[in-house]
Amino acid sequence: MNQVDYLRISLIDRCNFRCEYCMPEGASLDYILKQQLLTDEELLTLIQEVFIPVGFTRFRLTGGEPLLRPGVVELVGAIASLPETQDLSMTTNGFLLAGMAQDLYNAGLRRINISLDSLEPETFDKIIGNRSRSRWQQVWDGIQTAHRVGFDPLKLNVVVIPDVNEEEVLDLAALTLSLEWHVRFIEFMPIGNAHMFGDRGWVSSEELRQRIRDRWGLTSAQVCGNGPADVFQIPGAKGTLGFISQMSECFCDRCNRMRLSADGWLRPCLLNEIGQLDLKTALRAGVDSAELRKQVRQLLAAKPEINYKGRDSGTTGAYTRTMSQIGG
Ligand code: SAM
Ligand code: SF4
């Protein structure tokens, strides 16, 4: 079991997109009320007095769409400036990035993952549920701006959806030939949306790798960090290709993370709901940091067992929350 030192923090559960695999249009999502969101002060208290003392040093800001959180640049600055923070990164849909990338960088953010499921505006808009003016160009501008500003590594996340964008895998992989970007293909997960896709709900990473191998060849690359992606490289390419295969492989033994939702629930495992801690309610009830640290340590100790529970019992598909609610 890896040391669990990586916390994914959801800053907000709302989003300006409606990706069909995450927050499909028309789905009734119970948004967190503003007064139930952890305030900046509460979040920083939890990070400094609870998470850092129990061993978390790496933080990823996510959502929902994290750039929608008011004051996100200042929050980034506050977390980045903590001496114990070894790594701070963000996952964003990139729509607001062009106007914010420089400020985020100046505040101390250096690593960014941007979701880009398609290079074709029409397909992209279909996936993100957009019915008005295309949003693809603005996201692409956000990616280019992040590149210019100097974010490194710059990672693009692609959820591969059968019959929707799977034919673009070679085009997306080709971006790494001339750019030092990391393109990561994610197997679609039936989280809170299992009803949406038919028999072929996901395309396996190995199938994608074979297509890329047939075209250019593929070598295993150095894995930086110990995240969930298996990293490969097209020979001679500047960037890398990552494959996140949570459906076709079980990487629970590599799991080094917990998730904090925007309303303060600490979740030890993405795939099941066992053992969650309601840190916000505890904090607001005046429970002291020493007690919260004790509870988090207990959860850390139970994590290896929790990790496998949903998978072993086959209940993972029954997860009722979407990624945007958990903090994907
Ligand atoms: N809004 C931001 C974004 O889209 O990058 C951050 C939050 S989003 C929930 C984080 C990541 O989860 C994105 O890369 C998204 O593509 C991925 N994701 C969401 N739902 C998913 C699903 N059902 N299966 C696999 N990945 C999913
Ligand atoms: Fe929004 Fe990200 Fe979910 Fe898409 S994947 S709906 S951008 S939170």
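Order of listing sets the numbers, starting from 1, for every ligand and every atom in it. Just so you know, these numbers come straight off a predicted model, no measurement behind them.
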Checking side chain to side chain contact (heavy atoms under 4.5 Å, CB included) against Met90, which of Ile9, Leu97, Ile114, Val72 comes through? Val72
With nothing but distance in play, are any N or O atoms of [X] less than 3.5 Å from an N or O of ligand 1?
X: Glu65; result: yes
X: Thr62; result: no
X: Gly64; result: yes
X: Asp117; result: no
X: Asn113; result: no
X: Thr92; result: yes

Measure from NZ or CZ of Arg257 to the centre of the six-membered ring of Tyr6 and say whether it is under 6.0 Å with the direction within 45° of the ring axis.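 No - Arg257 does not lie over the ring of Tyr6 by the 6.0 Å and 45° rule.
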Hey, does the Lys NZ or Arg CZ of Arg209 hover above the aromatic six-ring of Phe243, less than 6.0 Å from the centre and inside 45° of the axis? yes
Closer than 2.8 Å to atom 3 (Fe) of ligand 2: does that hold for any N, O or S atom in Cys22?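 Yes, Cys22 qualifies, because one of its backbone or side-chain N, O or S atoms lies under 2.8 Å.
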Check whether any side-chain N or O of [X] sits under 3.5 Å from a backbone N or O of [Y] as a donor-acceptor pair, and report yes or no.
X: Thr85; Y: Asp87; value: no
X: Arg110; Y: Tyr105; value: yes
X: Gln210; Y: Glu207; value: no

State the atoms of ligand 2, each with its element, that fall below the 4.0 Å cut-off from a heavy-atom position in Cys15.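 That gives atoms 1 (Fe), 6 (S), 7 (S), 8 (S) of ligand 2.
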Under-4.0 Å heavy-atom contact with ligand 2, by part of Cys19 that carries it: both
Please identify which atoms of ligand 1 are closer than 4.0 Å to at least one heavy atom of Val159.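 The list of qualifying atoms is 16 (O), 26 (N), 27 (C).
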Atom indices of ligand 1, in the order listed, that fall short of 4.0 Å to a heavy atom of Ser115: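 So the atoms of ligand 1 that pass are 3 (C), 4 (O), 5 (O), 13 (C), 14 (O), 16 (O).
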Would you call Cys19 a ligand 1 contact, heavy-atom distance under 4.0 Å?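 No; Cys19 lies far enough from ligand 1 that no heavy-atom distance drops under 4.0 Å.
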Between Ser204 and Ser248: side-chain donor-acceptor atoms closer than 3.5 Å: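 No - no donor-acceptor pair under 3.5 Å links their side chains.
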Between Lys126 and Glu122, is the closest basic N to carboxylate O distance under 4.0 Å? no
Best match, Met23, Met247, Arg8, Met189: closest heavy atom to atom 24 (N) of ligand 1: Met189
